[in-house]
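Step one of this worksheet: look at the structure below.
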Number of protein chains: 2
Amino acid sequence: MPSTIRDVARASGVHISTVSRTFSAPHMVNSETRSRVLATAESLGYRPNRAARALITGQTGNVGLIVADIANPFFPPLIKAAQSQARGRDYNIFVAETDEDPMAEEDLVHALAKQVDGVLLCSPRMSNDLIEKLSKEVPLVLINRSVPSLPCVLMDVGQGARQAVNHLIGLGHTRIAILGGPRGSWTSREIRKAAVVACRAADLDPIVIGPNQPTVDGGMAVAEHVARESACSVIAYNDLMAIGVIEGLNSLGIRVPEDVSVVGFDDSALARISRPRLTTVSNPTPAAGRMAVDMLLQLSDDRRAAGQVMLQTELVVRGSTGPAGSSSDTSTERR
Amino acid sequence: MPSTIRDVARASGVHISTVSRTFSAPHMVNSETRSRVLATAESLGYRPNRAARALITGQTGNVGLIVADIANPFFPPLIKAAQSQARGRDYNIFVAETDEDPMAEEDLVHALAKQVDGVLLCSPRMSNDLIEKLSKEVPLVLINRSVPSLPCVLMDVGQGARQAVNHLIGLGHTRIAILGGPRGSWTSREIRKAAVVACRAADLDPIVIGPNQPTVDGGMAVAEHVARESACSVIAYNDLMAIGVIEGLNSLGIRVPEDVSVVGFDDSALARISRPRLTTVSNPTPAAGRMAVDMLLQLSDDRRAAGQVMLQTELVVRGSTGPAGSSSDTSTERR
DNA sequence: ATGAAAGCGCTAACAC
DNA sequence: GTGTTAGCGCTTTCAT
C-alpha cells in the first residue's frame, strides 16, 4: 500500500532516477521538476525506503545502543541524550537491552549489525577479545569500557572513588566497605582499585565485597555482611545498591547516617528522592551519550578518528554520610 | 567486509538460491548439502541480511516501541517484558522515545515504519485522527489508549481510581484532590472520570487539578495549590507526581500521611523506596508489554485478529495514606 | 538536467 | 533437490 519511487515517477511524468535525485541530491535537478516531484510525492505520501537505500549506499541512518538494564536509573539520561543527539543529526537510535546477560550482548550486536551504521556498547560485560571480534563486523563505540584500539568514552569513576574515600576519612571513618558491581564491569573494577589505593594511602584496610548484583536487592543482600564486618561506612557500586544496603541495614536496626555512612555512584534521580538523600558520585551520563554518538558518526567519515575520551565525575554530598558514630562501631568492643 | 550469500555459494559450490533455502527453508534442501553450506557459512561468518530479505518478503523481523519517557519508571518494566517476549519469537524490538513531545510521535512512526513489521504506541498523546492515519502506513497496536477499530491493550485504571477513592473515604477523607497528567493522556482522563464519579457517589466534591507535567517536578509544582485548597488527600496521576507532591508538601511544613494522604499510580520501583512508602495503584505493565507484542505479531498473520484487551489494576496500600487528621484540615477553620 | 541500465543482498516462482 | 530468472526499492555510473 505504501507508494514507491516508481509511483511517484509515473505520477509526475519523470524517470525514477530523477525522483531519486530529488531526495538524495536535490541540487542536481531542475528546481521546477523538483517542486513538481516533491508535490506529487507529498500527495502520495511517499517516503524513501531507508532500508532499500542502505542496500546500495551502505548507510542505514540508524545507530544501535545496547545497555544492560533500562530499569537502572543510570541509563535513561544517557539514552535520552544519545537519542536527541542522534535525531539532531538525522539518525535514529535503536535501543536494546541485555537484561544483565552477557550472552545476550553478542546476539544483540549481530541482530543490529546489518541494520545500523554502528553500535554504542554501554557497560558491556563481555571479554575484550569478543568485543574486538565484533568490532570487525560493525563499528563500535564503547561507553564505560576500555579496550585498546577501540574508541570509547569513559567516566573517571576512580577520581570520584578517591573523593568518596577522603570524604569518609574526613568524617572520621576507619572501617570502609567497598561493594563491587557485576562481574566483568570495568566501572566496578576502577572504583575498587581507586578506593583501595586511597584507603591504603591513609593506612586503612578496606573491606571489599563482591561481585554483587547491581540492584536494590543486590544491596539488601549484602547488608548483613556489611554489619558482620562492623564497617562504619560503605561505598556502593551504584545508587541502587546504596539504597538497598540502607534498607537492609535499617531492617537490622542500623541507622544511616547515624550508625553507618553510605555513598552511592551515579547521582541518579533516585538519589534526590530516597531518604536519607544519597551522598553519591555524579556521572556526566548525558555528555557521555552525546559524545559517544558523535564519535560513532565521525567514525564513518574518518576511520582514524576517535580515541579515548575521559569525562570527570564529582562527589555530591547529601544526607547519607555523616561523622563516624559509635553505636554500630562494634569494632571497639572487639578490641 | 561482511560476506554475502554469494560468497557462501561460491565457497560451498552451490547456487545462491540453495544457500538462501538453507536459511529460510532448511527442509527443502538435502541434509548433506545443508550441513556443508552451514559449515562454510559459519566459517565465513555469514549472516543473512535481514534488511535485504525484508525488501522481498515484506517482513523485517523488527517491531518498534514508542514511549514518552524512558526515565519514567512506569515504562522500563513494560519495555523489558515486550523485549523479552519479542526475542522469544525471534523478533527485535527497537525502542524510541518522544520525550513527552507529541510532535515527535508522528516523526518516529514514520522513521520506524519501513524498518519494522509494526509499532507499539505506548500512551500516545496525539489525536485519534492522526493515529488512524498512521495505522494505514504501518500496523499499530496501542497501549493505554483506545481508538475505535484499532487493537489495543488497556489497563483499567478507572477501577484502581475507584479503589483509591474508597480507600480514602474509608479513612475519613472528605476533600480529595485529583492531579491530572499530561494533556492528551487517555489514562489521565480515565482516572479523573472514575475518581470524580466515585467521589460524587459519596456526596463529595473532588478538587481537580491539571493537566500537569507527569514528573517529580510536576508534582512539586502543584503542592502549593493542593495546600491552598486545603485538601486532606491527593490522588496523583503517577508515582513520580505523588513523590513530587509529598516533597512539595513537606517543604510547606505539611506531613504525609499525618496531615495529608497521597495515592500514586503505577506501583513503580520507586513506590517501595520512597519515604513514606507509596500507597499506589499497581498496573500490570509487564503483561501489557507481552500482550501488545503478541497482538502485533498476530496482526501480521491474521488481519482481523485482535480487538481490545483490558487488564486489571489494584490498589496497594502502604505508608503514604492514613486516617484523615486534623492539623492540615484548615477547612474546619474556614467554616 | 534527465533517462537507461546495472546492481546492492536476497527470495520466490519456475524449470530441470 | 538444485539451478535459472526476475525483481523487491533504491542509487549510481554512463549516456544523451
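Residue numbers begin at 1 in each chain, while the letters A, B, ... track the order of the sequences. Keep in mind that this is a model prediction, so the values were computed, not measured.
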(message) Quick test of your reading of the model: are A/Lys80 and B/Glu97 salt-bridged, counting only N-O distances below 4.0 Å?
(response) yes

(request) With the side chain counted from C-beta on, respond yes when A/Asn92 and B/Phe94 share a heavy-atom pair under 4.5 Å apart, and no when they do not. (result) no

(message) Nearest whole Å is fine: how far is C/dA12 C1' from B/Ile16 CD1?
(response) 11 Å

(request) Taking atom CZ of A/Arg89 as the centre, report whether more than 12 heavy atoms of other residues, nucleotides or ligands fall under 6.0 Å from it. (result) yes

(request) Report the nucleotide, chosen from D/dC8, D/dC10, D/dG3, that has the shortest atom-to-atom distance to any side-chain atom of B/Val14. (result) D/dG3

(message) Just checking B/Glu42: does its CD atom have more than 12 heavy atoms from other residues, nucleotides or ligands closer to it than 6.0 angstrom?
(response) no

(request) Find the distance B/Arg10:CZ to D/dG3:P and express it as a whole number of Å. (result) 14 Å

(message) Whole angstroms only, please: what is the CG-C1' distance between A/Leu44 and D/dG9?
(response) 15 Å

(message) What is the distance, to the nearest angstrom, from the CD1 atom on B/Ile56 to the C1' atom on D/dC10?
(response) 13 Å

(message) What is the separation between atom CG on B/Leu55 and atom P on D/dA6, rounded to the nearest whole Å?
(response) 18 Å

(request) Compare the minimum distances between each of C/dT2, C/dC10, D/dC8 and the side chain of A/Arg6, then state the nucleotide with the smallest one. (result) D/dC8

(request) Report the distance from atom CZ of A/Arg34 to atom C1' of C/dT2, rounded to the nearest whole Å. (result) 14 Å

(message) I'd like to know if A/Asp90 and A/Arg50 make a salt bridge, using a cut-off of under 4.0 Å between side-chain N and carboxylate O.
(response) yes

(message) Below 4.0 angstrom, which residues in residues 17-32 of chain B have at least one non-hydrogen atom near DNA chain C?
(response) B/Ser17, B/Ser20, B/Arg21

(request) Report the distance from atom NZ of B/Lys114 to atom OG1 of B/Thr60, rounding to the nearest 0.5 Å. (result) 12.5 Å

(message) With a 4.0 Å limit, can you tell me whether B/Thr33 has a side-chain N or O closer than that to the phosphate oxygens OP1/OP2 of D/dT2?
(response) yes

(request) Could you tell me the separation between the CD1 atom of A/Ile5 and the P atom of D/dC10, rounded to a whole number of Å? (result) 5 Å

(request) Calculate the interatomic distance between B/Gln59 atom CD and C/dG9 atom C1'; express it in whole Å. (result) 18 Å

(request) Assign each of B/Lys114 and B/His15 to its nearest nucleotide of DNA chain D by heavy atoms, then name whichever residue's nucleotide is nearer the 5' end. (result) B/His15

(request) Indicate yes or no: at least one non-hydrogen side-chain atom of B/Leu296 is less than 4.5 angstrom from one of B/Pro139. (result) yes

